Enquirer: 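Attaching a single structure in structure tokens format; questions to follow.
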Amino acid sequence: MLTDFNPKATQAWEQLNGLAAKIPEQNVADYFSADPQRHTRCCIEWRELLLDYSKNLASDQVLSALLALAEQTPLRQHIDAMFSGKRINTTEGRAVLHAALRDPGNDNYRVDGVGVAPAITAEQQKIKDFSERIRSGDWRGSTGKTITDVINIGIGGSDLGPKMVCLALQEFAHPSLSFHFISNVDGAEILSTLKRLDPETTLVIVSSKTFTTQETLLNTQTAIDWFRRELSLEKPQQTSHFIGLTASRENAEAYGIPADQIIEFWDWVGGRYSLWSSIGLSIAVCVGYDRFTELLDGARAMDRHFQDAPLAENMPVIMGLLGIWYSNFLGAQSTAVIPYCERLSLFPSYLQQLDMESNGKSVSRSGEVVDYNTGPILWGQTGTNGQHAFFQLLHQGTRLVPLDFIATVNDPLSNPEHHRILLGNMLAQSAALMAGQKLEGTPSHKIYPGNRPSNVLLLQHLSPFNLGALIALYEHKVFVQGSIWNINSFDQWGVELGKKMANELLSDTGDGMEGFDPSTRRLSDYISSKTD
Ligand code: F6P
């Protein structure tokens with residue numbers, strides 16, 4: 001399958017260690033003085049995206065050594081293996097083919113020699129039909145009224161992707177449909193939402209790859225009870241108020257969702273990569289099927305760039321390598337993504353699942369414990385808000401936090417004055433973090449050490465195409481890192497133990513707390529004793 005290897009055994013890793021030792025004596029600003037062309041050389045312009053990575057704490061020697069690391073590991077082989085449908089998710093025995101979803105009709109995507117294109121085309125046709133019927137008013141509730149409110153019930157990848165994209169593309173949203181995303185098992189979320197809605201005109205999209213997820217099934221049950229109560233329906237889940245999106249038709253049907261109201265996807269689409277599949281139905285309903293396909297087109301274009309561009313001009317490769325530099329050689333524990341665009345406010349939380357569920361691993365592909373850092377803690381929120389919250393630490397704190405600033409050059413939803421000030425702030429922050437300030441005689445609390453690295457990523461417009469490309473860019477960045485760290489980026493066994501223990505704790509056999517530690521037992525007793 002995939003060649004097992006140890007990245008630390010490469011010559012490049014050793015060289016990078018040597019280069020890292022010299023970093024305390026270096027200044028990013030000096031790289032610019034040494035090379036007046038650095039800002040154009042350390043920059044990749046691709047279609048309507050521009051990545052400026054010149055403000056990184058990485059000299060030319062470091063950048064060359066990072067590229068050598070990519071060459072000396074089987075990154076290229078891994079990329080080919082993913083796109084050719086090999087079962088690279090070995091612990092689950094699955095292929096990883098979300099890229100096929102954004103290239104419908106391409107017969108080259110195969111799992112065990114069987115093409116996936118016909119199945120994709122058939123399900124995409126359903127996304128088209130369903131979304132057009134809902135948008136046009138043709139899809140009606142059980143009392144014959146057209147739909148005004150769509151609730152997506154799902155969690156993790158069955159929530160974060162569609163929710164983030166619907167917000168990001170609000171410029172194109174249907175004028176009279178409202179969208180509600182319910183994920184948390186906290187009943188206050190769904191109950192307060194349902195209170196505001198009219199059941200006659202509400203459609204519930206149950207999004208779950210497995211159709212077994214506790215939170216999603218409980219929220220769905222609460223919605224079913226609401227319809228039953230409000231509309232006197234015996235089995236609301238069997239009416240036009242419910243659609244199921246799943247890789248387990250069997251489970252969705254067993255739950256009562258009518259067979260012709262289910263849109264499927266497949267086990268080779270990971271949950272956190274599923275917004276391109278039927279899980280994207282709420283996106284298609286929100287912005288229209290044509291815009292949904294533009295989103296897929298943008299991601300496909302990024303797939304091609306990732307596959308074809310030379311490593312030195314390859315955006316995901318460069319971003320992935322810089323992340324490795326900070327994590328493995330300069331000791332960074334976290335990385336932050338700061339979109340200077342309020343419509344991208346959910347992008348950091350979307351990326352948290354993408355990055356941390358993918359690369360938060362500590363064993364190699366062959367199951368050995370690795371002795372180097374893997375995925376960083378990813379966090380962030382929009383600028384300028386972040387400037388008034390955590391930027392103090394970024395400028396003067398003791399930790400190294402590499403940043404990605406993201407912005408759109410044009411924003412038709414803003415006005416020139418707001419937008420000029422927004423982008424001005426972003427450029428100023430990125431410049432200030434790098435340059436710092438140490439004026440003669442300045443008291444130490446007013447010193448800015450500078451030398452704090454950032455990428456700036458500009459999108460000419462926040463179009464569906466560019467957003468698709470942006471998301472795929474981060475997917476592939478995560479892939480590059482997982483490949484070089486020799487870990488499986490596509491499983492998520494780490495989430496299982498907590499789920500299992502919650503089931504044990506909540507079991508109604510009476511001995512649910514047996515086997516739990518004293519602290520947890522005491523907390524549980526406290527909750528029971530203080531419950532009103
Ligand atoms: O618990 C983690 C996880 O399995 C994610 O990977 C997934 O996106 C989420 O739960 C939801 O799963 P499902 O779509 O099967 O309900």
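Just so we're clear, the structure is a prediction, and the values are computed from it rather than from any experiment. For ligands, and for the atoms within them, numbers begin at 1 and follow the listed sequence.
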Enquirer: Indicate yes or no: does D303 engage R300 in a salt bridge with an N to O separation below 4.0 Å.
Expert: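 No, no charged N to carboxylate O under 4.0 Å.
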
Enquirer: So which residues, sorted by chain and number, lie with a heavy atom under 4.0 Å of ligand 1?
Expert: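 Close residues (ligand 1, cut-off 4.0 Å): I155, G156, G157, S158, S208, K209, T210, T213, G271, Q353, E357, Q492, V495, K499.
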
Enquirer: Decide yes or no on side-chain contact (heavy atoms from CB on, under 4.5 Å) for D355 and Y474, but give the supporting numbers first.
Expert: CA-CA 8 Å; D355 201 316; Y474 275 89; over 6 Å; no

Enquirer: What residues, two or more places apart in sequence or in another chain, satisfy ring-ring contact (aromatic ring centres under 6.0 Å, His included) together with F130?
Expert: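 Per chain and number, F130 pairs via ring-ring contact (aromatic ring centres under 6.0 Å, His included) with W139.
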
Enquirer: Taking everything shown except R521 itself, do over 12 heavy atoms lie less than 6.0 Å from its CZ?
Expert: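 Atom CZ in R521 is crowded, with more than 12 foreign heavy atoms closer than 6.0 Å.
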
Enquirer: So does R304 pair up with D103, basic N to acidic O under 4.0 Å?
Expert: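 Salt bridge between R304 and D103, a charged N being under 4.0 Å from a carboxylate O: yes.
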
Enquirer: Between the side chains of R102 and E475, is the shortest nitrogen-to-carboxylate-oxygen separation below 4.0 Å, so that they form an ion pair?
Expert: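 A salt bridge links E475 with R102.
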
